[in-house]
Amino acid sequence: MIPKSHPRYESLKTRELIVSGVKKGITSVHGLIAHGRGEAFDYLLGEKTSDFAKKSVDSAAALLLLAKNPVISVNGNVAALVPKELAKLSSILNAPLEINIFHQSRSRELGIKKYLIKHGAENVLLPDKKYKIKFLESNRKYVTSEGILQADVVFVPLEDGDRTEALIKNGKKVITIDLNPLSRTAQKATIAIVDNITRAILLLINQIQKFKKLKLAKKQLKVIYEHHDNQKRLKIAIKLIRRL
Ligand code: ATP
Ligand code: MG
């Protein structure tokens, strides 16, 4: 048990989620390394959501609401960290959760699906070898016809740079959450939210709900989305890390 008084309680609790994801067969052991990289950047960012990340969340919420066919891509780390929130996001956007993992394993894909459903998800897709996106060699090229293949906007938190680049080259708009502003994913995405997924996904859900309640017109959403300059935001994040 981690005592609540521990100064880095939240971080240690999150680490436990990833470890238990590995034990449950949802997260790959390689996912531990990716998580460690995230932790390091979170430490440098002060383990809190910055104002610039909140602005990126606003633009991401607007883009997701503007999308005709939004899809949420889920890997083993994301499923272990925020399963309930993924289910909620999927429901408020009416967007499927499409499982996509790097280290090929049907049993892990099925495990992730079961875990998401247990946490309230209703629309979970598994990659189909009949369909693939171009410009990607790995197992991750496989998609579904009703999901990523025809999506215009793909939300891919904690993504690999290769796949982000490929999705963009396939004509998709890509939203990511990535603590490393230098990663190829953050650099190539349409919108990169530089924050921990455990914090940012709640903000994203709230913002989408707020925009929906306000019944913002497409034109207004477009202004919020177009306000985003990804390179400018990433430079601010890098400056914060460097304490400039
Ligand atoms: P890239 O392939 O984009 O250049 P990478 O190879 O360094 O990045 P990957 O393992 O491919 O990293 O992707 C995982 C990314 O997710 C890393 O950039 C890591 O910092 C980030 N990350 C890990 N845990 C979290 C988290 N909890 N919240 C947000 N981002 C995270
Ligand atoms: Mg990578």
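Both counts, for ligands and for their atoms, begin at 1 and track the order of listing.
In terms of protein heavy-atom proximity, atom 8 (O) of ligand 1 is nearest to Ser183 CB, 3.7 Å. Closest to atom 23 (C) of ligand 1 among all protein heavy atoms lies Ala34 O, 3.2 Å. Looking at atom 28 (N) of ligand 1, its nearest protein heavy atom turns out to be Ile197 N, 3.0 Å. The protein heavy-atom contact nearest to atom 27 (N) of ligand 1 is Asn196 OD1, 2.9 Å. For atom 4 (O) of ligand 1, the nearest non-hydrogen atom of the protein is Arg184 N, 3.0 Å. Here the heavy atom of the protein found nearest to atom 21 (C) of ligand 1 is Asp178 OD1, 3.5 Å.
For ligand 1, one of its N or O atoms has an N or O atom of Asp160 under 3.5 Å away. By the 3.5 Å distance cut-off applied to N or O atoms, Leu179 is counted among the residues near ligand 1.
Note on Asp162: not counted as a metal contact of the Mg ion (ligand 2), no N/O/S atom lying under 2.8 Å.
More than 12 heavy atoms of other shown residues, nucleotides or ligands fall within 6.0 angstrom of atom NZ in Lys212. Counting non-hydrogen atoms of other residues, nucleotides and ligands closer than 6.0 Å to CD of Gln220 gives a total above 12. Within 6.0 Å of CD in Glu137 there are 12 or fewer heavy atoms belonging to other residues, nucleotides or ligands.
In this structure a side-chain-to-backbone donor-acceptor pair under 3.5 Å is present from Lys172 to Ala151.
When each of Arg199, Lys48, Arg8 is paired with Asp42, the salt bridge (Lys or Arg N to Asp or Glu O under 4.0 Å) condition holds for Arg199 and for no other. When the options Glu16, Arg15, Glu10 are evaluated for a side-chain contact (heavy atoms from CB on, under 4.5 Å) with Leu12, the one that passes is Arg15.
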Criterion side-chain hydrogen bond (donor to acceptor under 3.5 Å, both in side chains) on Ser183 and Asp178, from CA distance to verdict: CA-CA 8 Å; Ser183 78; Asp178 191 330; 2.8 Å; yes
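Atoms of ligand 1 lying under 4.0 Å from at least one heavy atom of Glu159, given by number and element, are 3 (O), 11 (O), 13 (O). Every atom of ligand 1 is numbered from 1 in the order shown, and the set under 4.0 Å from a heavy atom of Leu158 is 16 (O), 22 (N), 24 (N), 25 (C), 26 (C), 28 (N), 29 (C), 30 (N), 31 (C). For ligand 1, the atoms lying closer than 4.0 Å to a non-hydrogen atom of Gly161 are 1 (P), 2 (O), 3 (O). Of all atoms in ligand 1, numbered sequentially from 1 with element shown, those under 4.0 Å from a heavy atom of Asp195 are 28 (N), 29 (C). Annotation for ligand 1: atoms under 4.0 Å from non-hydrogen atoms of Arg37 are 5 (P), 6 (O), 7 (O), 9 (P), 10 (O), 12 (O), 20 (O). Per-residue contacts place Thr185 under 4.0 angstrom from the following atoms of ligand 1 (heavy atoms of the residue considered): 3 (O). Near Leu81, the atoms of ligand 1 lying under 4.0 angstrom from a non-hydrogen atom of the residue are 27 (N).
No salt bridge links Lys88 with Glu85; every basic N to acidic carboxylate O contact stays at or beyond 4.0 Å.
The Mg ion (ligand 2) sits nearest to atom OD1 when only the N, O or S atoms of Asp160 are considered.
Using modelled atom types and a 3.5 Å distance limit, the side chains of Asp195 and Thr49 yield a donor-acceptor pair.
Assignment of Asp162 to the shell around ligand 1 is not supported, since no heavy atom sits closer than 4.0 Å.
Between Phe155 and Leu89, some side-chain heavy-atom pair lies under the 4.5 Å cut-off. At a threshold of 4.5 Å between non-hydrogen side-chain atoms, the residues Asp162 and Arg184 count as touching. Contact of the Val78 side chain with the Leu86 side chain is registered, since non-hydrogen atoms from C-beta on lie closer than 4.5 Å.
With a heavy-atom cut-off of 4.0 Å, Glu39 does not touch ligand 1 at all.
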